[in-house]
Amino acid sequence: MSTTVTLIPGDGIGPDITEATVRVLDAAGADLTWDRQLAGASAAARFNDPIPDATLDSIKKNRVALKGPLETPVGEGYRSVNVALRRSFDLYANVRPAHVILHGGRFEKVDIVLIRENLEGLYYGAEHYIRIADDPKAAAESVALITRYGSERAIRYAFEYAVTHGRRKVTLVHKANILKFSQGLFLEVGREIARDYAGRVQFEDRIVDAMAMQLVLKPEQFDVVVTTNLFGDILSDLISGLVGGLGLAPGANIGPNAAIFEAVHGTAPDIAGKGVANPGALILAACLMLDHLGDTQRAERIRHALHAVIDEGKFRTRDLGGSASTREFADAIIAKL
Ligand code: ATP
């Protein structure tokens, strides 16, 4: 029976890479029905609402969505649509696997899965200005909220991921030496959970600044990494840079009642509408979605085809050092399938 998936093409390069991804999935014979919905700037322009109810209802019903990047204005306007979607569907874990696909770079053996707590920390949204005398913006305060419940869910997800994917180690990244309460709680919860997995999954912790250095010096030493929201945002871009850039970095947002799959990168306004964006990250996100739906063989087949096209080097997009268009890259993958 066909599975219905909510499809949000998104903004900027979103429509181009979404179209390429849908063509690849169709060519691979994935039995999916697309329920197309709008969100982000395109929805704001059409319905005056960046997250229309129809889009929310569709995700609620289908429980699975594939989403292109969404535009969020910096500093003003509506709050991040991505953050709102994560909150609406309680998507507490963000999973970002990164391994070397483009060979011949600085590293050959990087294979890291970063799991980011997706709802709390500095993304919780408790922010305000403080008035002093006649300056209404004399100061600003943002609260980093960490709860035992939220930390437990994300960290336990990381350990369970390690067990089910045959991974050997979980590294918890924090700044508990300075933020003794909030980051200290995250670390404390991590140490407790690690005991449940003793003998099955190794556990270590790293302070985020040392982690940043270790990641660029010797990334091969890391396996599954779990961290709080903002550190996860920054480190996952760093990690995708180690393995060939944002064009090949997929992500999954996992919750108890829904999962949303997406590329790690944004709308790339500098190349939007030019037909040159790399659809690889969204295609790999769609493979994570197929895994999630239990269609792992097809996901593997698509990944193989994508890897083969990149290895051959004839049809690489510009970000990978080639000159192929979005469409040509997708066509080359389809030919391999
Ligand atoms: P946003 O505000 O939506 O996050 P951004 O430009 O700040 O947009 P990204 O969209 O992540 O951030 O892009 C960062 C850089 O990486 C840009 O130069 C962009 O062109 C490039 N880039 C991102 N995604 C891709 C892609 N799929 N293919 C090619 N280049 C990409």
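First listed ligand is number 1; within each ligand, the first listed atom is number 1.
Among residue pairs with one or both ends in residues 138-150, those qualifying as salt bridge (charged side-chain N to carboxylate O under 4.0 Å, His left out) are Arg148-Glu188, Arg148-Glu192; sequence neighbours excluded.
Close contacts of ligand 1 with Thr267, meaning ligand atoms under 4.0 Å from a residue heavy atom, involve 1 (P), 3 (O), 8 (O), 10 (O). Near Gly266, meaning under 4.0 Å from one of its heavy atoms, ligand 1 places the atoms 1 (P), 3 (O), 4 (O), 9 (P), 10 (O), 11 (O). Atoms of ligand 1 lying under 4.0 Å from at least one heavy atom of Pro269, given by number and element, are 6 (O), 8 (O). Counting the atoms of ligand 1 from 1 in the order shown, those under 4.0 Å from a heavy atom of Ile271 are 20 (O), 29 (C), 30 (N). Proximity to Ala277 (heavy-atom distance under 4.0 Å) selects the following atoms of ligand 1: 28 (N).
For the pair Arg167 and Phe159, the cation-pi criterion (under 6.0 Å, within 45° of the ring axis) is not fulfilled. Taking the ring axis of Tyr123 as reference, the NZ or CZ atom of Arg116 stays within 45° of it and closer than 6.0 Å to the ring centre.
Distances from ligand 1 to the non-hydrogen atoms of Ala281 include no value under 4.0 Å. The shortest separation from a heavy atom of Pro69 to ligand 1 is not under 4.0 Å, leaving the residue out of contact.
For the residue pair Thr6/Gln37, the side-chain donor-acceptor check at 3.5 Å is not satisfied.
Of the candidates Leu320, Asp319, Ile13, Asp11, Ile13 brings a heavy atom nearest to atom 25 (C) of ligand 1.
Aromatic ring centres of His307 and His99: separated by under 6.0 Å.
In this view, Ser2 and Thr33 satisfy the side-chain hydrogen bond (donor to acceptor under 3.5 Å, both in side chains) rule, not counting sequence neighbours.
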